[in-house]
Amino acid sequence: VKIFAPNIEQRDVVNHLKGSPAEEKRNVLVESARLARGNIQDLAELKASEFDAVIFPGGFGVAKNLCSWAVDGKNCTVNEHVNTTLQAFHSAKKPIGLCCISPVLAAKVFPGCEVTVGQDKNIDGRFPDAETASAIAELGCKHICKNVNESHVDKANKIVTTCAFMCKAPLHEIFDGIGTMVQEVLKLA
């Protein structure tokens, strides 16, 4: 397993203790290195031929830095190195795992693919971002409704997705869903 991140400036920096924007600037690769304990490479250096699969985490980092979904929704742009990486794995018929908001990357890059970001309705207040499913459909993709502890496999495209934090759920249920996504990616590898 190797960890990669794009060497770009973050769209913005948030003080998570206060829940407000911070004035400082940070680099995505540098911040990712902090989380990965330094064992990380620039995404521009990733070669799909050296790996069996690729998995993208989710969160605001994806929606703000790997693409512009947080600002532009379905009209977003995808970072060139993210796009190149996704295209390389897809062309090589190698599995791609995406969780939380990152399935929108596939929806933007691979029209006609199938993904899940959970449910298309805000059931019991657990899916506050359910409208994302509609935006995915508007991009020409099929959204498959799944519970937080499940994943969806688009066998034709070798794309495996799970909703993770797109659902307000206990951490153990989110963990289970991410686990099923990883297991399905490994089965396809």
Side-chain angles (χ1 to χ4, degrees), residues 1-8 28-29 32 35-36 40-70 74 76-118 129 132-133 135-167 174-189:
V1 173
K2 297 229 176 156
I3 303 170
F4 295 85
N7 188 5
I8 58 174
V28 172
L29 181 58
S32 298
L35 297 171
I40 195 166
Q41 293 175 281
D42 187 333
L43 184 60
E45 298 172 12
L46 188 150
K47 293 177 181 61
S49 61
E50 296 177 0
F51 297 92
D52 297 320
V54 66
I55 295 177
F56 282 81
F60 280 112
V62 170
K64 291 180 176 182
N65 300 306
L66 301 190
C67 69
S68 62
W69 189 274
K74 68 178 181 180
C76 74
T77 57
V78 176
N79 171 278
E80 72 171 290
H81 296 298
V82 172
N83 192 335
T84 299
T85 298
L86 290 168
Q87 294 284 0
F89 278 85
H90 190 259
S91 295
K93 298 188 179 354
K94 293 182 177 185
I96 299 168
L98 303 157
C99 67
C100 196
I101 191 64
S102 69
V104 301
L105 297 171
K108 192 67 181 178
V109 175
F110 307 118
C113 71
E114 297 177 358
V115 298
T116 190
V117 289
D129 301 305
T132 303
I136 287 168
E138 289 175 30
L139 287 170
C141 297
K142 184 172 184 181
H143 180 265
I144 309 297
C145 290
K146 292 285 185 176
N147 291 319
V148 68
N149 61 341
E150 299 175 311
S151 59
H152 175 71
V153 180
D154 176 347
K155 290 182 180 161
N157 290 294
K158 287 194 165 186
I159 297 170
V160 185
T161 53
T162 189
C163 69
F165 287 94
M166 295 294 283
C167 176
I174 294 166
F175 176 87
D176 290 345
I178 294 170
T180 66
M181 186 249 327
V182 170
Q183 290 300 316
E184 294 297 333
V185 166
L186 293 175
K187 285 180 193 175
L188 293 172

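Heavy-atom basis, side chains included; hydrogens, waters and symmetry copies ignored.
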Under 3.5 Å donor-acceptor, S151 side chain and T162 backbone: no
Polar side-chain atom of T161 near backbone of L98 as donor-acceptor pair, under 3.5 Å: no
Would you name the heavy atoms of [X] and [Y] that are closest together and state the gap between them?
{"X": "V185", "Y": "G97", "value": "CG2-CA, 3.6 Å"}
{"X": "K94", "Y": "A48", "value": "NZ-O, 2.7 Å"}
{"X": "C163", "Y": "C167", "value": "SG-CB, 4.0 Å"}
{"X": "P111", "Y": "C141", "value": "CA-SG, 3.9 Å"}
{"X": "A106", "Y": "I159", "value": "CB-CD1, 4.1 Å"}
{"X": "A164", "Y": "V148", "value": "O-CG2, 3.5 Å"}

Pairs where residues 47-60 contributes a residue and the test side-chain hydrogen bond (donor to acceptor under 3.5 Å, both in side chains) is met, not counting sequence neighbours: none
Can you pull out every side-chain hydrogen bond (donor to acceptor under 3.5 Å, both in side chains) where at least one residue sits in residues 53-67? Sequence neighbours excluded, please. D12-K64
Any side-chain heavy atom of [X] sitting closer than 4.5 Å to one from [Y]?
{"X": "N149", "Y": "T180", "value": "no"}
{"X": "P6", "Y": "L66", "value": "yes"}
{"X": "C67", "Y": "K108", "value": "no"}
{"X": "V115", "Y": "D154", "value": "no"}
{"X": "L105", "Y": "F56", "value": "yes"}
{"X": "V117", "Y": "I136", "value": "yes"}

Rounded to the nearest 0.5 Å, what separates atom [atom1] in [X] from atom [atom2] in [Y]?
{"X": "C113", "Y": "I144", "atom1": "SG", "atom2": "CD1", "value": "10.0 Å"}
{"X": "M181", "Y": "L186", "atom1": "CE", "atom2": "CG", "value": "9.5 Å"}
{"X": "E80", "Y": "Q87", "atom1": "CD", "atom2": "CD", "value": "13.0 Å"}
{"X": "T116", "Y": "K142", "atom1": "OG1", "atom2": "NZ", "value": "12.0 Å"}
{"X": "I55", "Y": "F89", "atom1": "CD1", "atom2": "CZ", "value": "10.0 Å"}
{"X": "W69", "Y": "S102", "atom1": "CH2", "atom2": "OG", "value": "12.0 Å"}

Residue of the set E114, E184, K146, H143 for which side chain to side chain donor-acceptor pair (under 3.5 Å) holds with H152: E114
Could you check whether F51 and F4 have their ring centres less than 6.0 Å apart? yes
